[in-house]
Each structure stands twice: as structure tokens, then as C-alpha cells.
Amino acid sequence: MAGASLLALLDDIATILDDVAVMTKVAAQKTAGVLGDDLALNAEQVSGVRAERELPVVWAVAVGSLKNKAILVPAALAISTFIPWAVMPLLMIGGFYLCLEGVEKLAHKWLHSPAEDHAHHAEELAAVADENIDLAAFEADKIKGAIRTDFVLSAEIIVIALGTVAGQPFAAQLAVLVGIALIMTVGVYGFVAGIVKMDDLGMHLLTKPGSLRQTVGKGLLLTAPKLMKALTVIGTAAMFLVGGGILAHGVEPLHHFIEHIGEVVGLFGGVVAALLNALVGVAGGALALAVVSVGGKLTAVFKGQKA
């Protein structure tokens with residue numbers, strides 16, 4: 001009997017672990033919209049840092065990211081345990097935020113002139129070249145800014161992941177959220193470290209003899225900037241797909257309508273449903289941008305009157 005009980009217990013544990021693995025996979029897919037943006041943003045955050053300091057900066061930000069998630073995971077579990085009704089509103093806010101970021105990226109050339117972008121880039125290059133600038137303070141500011149950005153992105157990831165396990169036992173929620181937090185941190189910052197050192201590896205290979213090394217080196221130098229652009233494009237598209245999916249799911253008639261259209265189309269129903277979710281994301285992002293813009297103007301007017 002004892003042996004049978006032990007086997008039953010092991011079977012239960014295996015079943016739970018399998019369920020956790022499945023839910024973690026679903027949560028990872030749901031957070032893909034943030035992942036591309038997270039990679040691009042964090043790779044951009046270390047721009048302007050001297051080459052020999054890039055990896056230490058990435059490591060410092062990764063440690064800060066783990067600290068962020070050490071705050072966010074317990075907070076998310078507390079919300080799920082004590083005020084579960086707040087999960088859906090938080091998901092909707094996260095969906096609107098994803099779509100807002102996507103729309104801002106699309107509208108970047110109208111919101112920010114090329115002169116502003118060039119001036120910002122020139123400022124960073126000057127900081128590295130100027131010997132009178134305190135590089136330690138410059139680097140510390142970079143790290144703080146990256147960790148602040150990571151907190152927002154990590155909050156989105158944790159909230160979206162929480163939405164996939166809402167209603168599950170506490171142990172399953174804990175396992176999935178911790179798993180997502182660790183996978184995303186290691187994956188994102190490991191990949192960021194690879195991206196920021198890709199050009200250095202290319203330059204190193206160019207100094208070595210051999211046609212293969214020369215070819216690989218040139219390929220890495222050409223690939224690095226294109227990879228950054230590709231991540232931005234993929235991340236933006238994923239924001240609309242995931243964010244729009246969240247918003248559509250939160251409005252049941254709209255969600256059922258998109259599902260019905262997908263069923264009617266048949267073979268390509270999944271693609272059509274994804275495109276419709278993306279359109280919802282674009283519309284939601286445009287609405288969020290309008291609200292934020294009007295709110296910013298009203299705040300400025302109110303402050304001016306108060307002054």
C-alpha cells in the first residue's frame with residue numbers, strides 16, 4: 001500500500017509538472033509581444049557605453065531585472081489571491097499599454113523629428129569621447145534608465161502571464177510566474193549580450209587569417225544593425241497581435257465575432273483572426289495615444305494656470 005501511495009503521489013507530481021510546463025509555454029507565447037520590444041530596448045540602452053563595459057552593464061541591468069521580478073511576482077500572486085477580479089482590468093491596461101507602444105513606434109517619425117534623434121545619438125557619442133565626462137556616472141545613469149524600462153516591461157510580462165494561470169492553484173501560479181520570470185530574464189539578457197558583442201566578434205574575426213573567418217566577420221558586422229531593426233519590427237507587430245488579442249478577449253462580443261470569422265474562413269482562419277486582433281490592437285493603441293496626448297495637454301494647461 002505504501003508503494004502504491006508513493007507511485008500515486010509521483011504520478012500526481014508528474015501531472016502537475018506537466019500542467020505547469022504547458023501553462024508556462026502558453027504564458028511565454030502570450031508574452032512574445034513584449035519580448036521583441038524588450039530585446040530591442042535593452043540592446044539600445046547600452047548604446048553609448050564603451051565596448052569593454054558593455055557586458056558589465058548588461059549584467060548589472062540583468063541583476064536589476066531579477067530584483068524587479070522579485071517584487072512583481074509576489075505582488076501579482078497577492079492580487080490573484082486577494083483581489084482576483086483585478087486580473088482582467090490589469091490585463092486590459094497591459095493590452096492598451098502594448099498597443100500604445102506599438103502606435104508610438106509607428107508614429108515615431110511624426111512625434112520625433114530626425115534632428116531630435118540625431119542630436120540624442122550625437123550626445124551619447126560625445127559622452128563617450130569626452131574625457132571630462134564622468135563615465136562612471138554616465139554608465140550608472142544608463143543602468144538606472146534600463147532598469148526602470150525593464151520594470152515596466154517586466155510588469156507587462158508578469159501581468160500577461162498571470163492572466164494565463166488565473167484560477168489555477170496557488171502552487172501552479174507560483175511555478176509558472178517564477179519560471180516565466182527566470183526564462184525571460186536569462187533569455188532576454190543573454191541574447192542582448194550576444195547582440196551588443198556581435199560587431200566586436202565580427203571585427204575580431206576580420207583580423208584573423210582565413211577566408212571563412214573573414215566572411216563570417218563581415219557577415220556579423222552586416223547582420224548586427226539589421227538584427228536590431230528586425231527585432232524592432234517583429235516586436236512592434238507582436239505588440240499589436242498580443243495586445244489586440246488581450247483587448248479583444250476582454251470584450252466578449254468582439255472576441256466571439258473574431259472567432260466566428262476565423263471559423264467561417266476555414267483553413268486560414270487562424271491567420272485572419274490574428275490580423276483582426278492586430279487591427280484591434282492598432283485601434284486600441286490609437287485610442288490610448290489620443291487619451292494620453294489630450295491628458296498631457298490638459299495637465300500642461302492646468303500647471304500653467306496654477307503657476
Side-chain angles (χ1 to χ4, degrees), residues 30-38 40-42 44-45 68 72 75-76 79 83 85-121 123 141 144-160 162-163 231-258 274-307:
K30 292 286 186 180
T31 55
V34 192
L35 184 58
D37 194 49
D38 206 354
L41 282 177
N42 281 292
E44 288 172 3
Q45 287 287 355
N68 285 340
L72 291 167
I79 289 171
I83 46 173
W85 55 264
V87 173
M88 182 52 72
L90 287 173
L91 273 173
M92 294 294 285
I93 292 171
F96 272 115
Y97 188 86
L98 278 175
C99 298
L100 171 62
E101 283 191 322
V103 167
E104 283 184 330
K105 286 180 180 295
L106 291 180
H108 182 81
K109 63 181 180 180
W110 291 284
L111 296 175
H112 304 280
S113 67
E116 289 177 328
D117 292 339
H118 179 73
H120 177 68
H121 184 62
E123 182 182 349
D141 287 340
K144 288 179 182 177
I147 291 174
R148 283 195 299 269
T149 300
D150 175 89
F151 188 88
V152 176
L153 294 171
S154 294
E156 292 180 64
I157 289 171
I158 296 301
V159 168
I160 293 171
L162 179 63
L231 282 174
T232 302
V233 172
I234 294 170
T236 302
M239 281 179 182
F240 290 127
L241 287 170
V242 177
I246 291 171
L247 296 180
H249 188 75
V251 182
E252 285 193 18
L254 181 58
H255 176 63
H256 292 315
F257 172 75
I258 292 175
L275 290 175
L276 290 174
N277 283 330
L279 288 176
V280 172
V282 173
L287 176 62
L289 180 61
V291 171
V292 170
S293 299
V294 171
K297 290 179 181 178
L298 290 176
T299 301
V301 170
F302 178 75
K303 287 183 177 179
Q305 291 176 346
K306 205 170 181 181

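One finds the SG atom of C99 at 10.0 Å from the CG atom of L287 (value rounded to the nearest 0.5 Å). The CG atom of L98 lies 8.5 Å from the CG atom of L247; values are rounded to the nearest 0.5 Å. Atom CG of L289 is separated from atom CD of E101 by 12.0 Å, given to the nearest 0.5 angstrom.
Residues forming a side-chain contact (heavy atoms from CB on, under 4.5 Å) with L276 (at least two apart in sequence, or on another chain): I258, I261, V272, L279. With sequence neighbours left out, the side-chain hydrogen bond (donor to acceptor under 3.5 Å, both in side chains) criterion links H249 to no other residue. Remark: L241 engages A274, A278 in a side-chain contact (heavy atoms from CB on, under 4.5 Å) (not counting sequence neighbours).
Taking each heavy atom of I147 and N68 in turn, the nearest pair found is O-ND2, 3.2 Å. Across all non-hydrogen atoms, the minimal contact from I79 to A86 is CG2-CB, 4.1 Å.
L91 places a side-chain heavy atom less than 4.5 Å from the side chain of V87. Side chains of F240 and L106 form a contact here, defined as non-hydrogen atoms less than 4.5 Å apart.
Between the side chain of N277 and the main chain of A248, no donor-acceptor pair closer than 3.5 Å is present.
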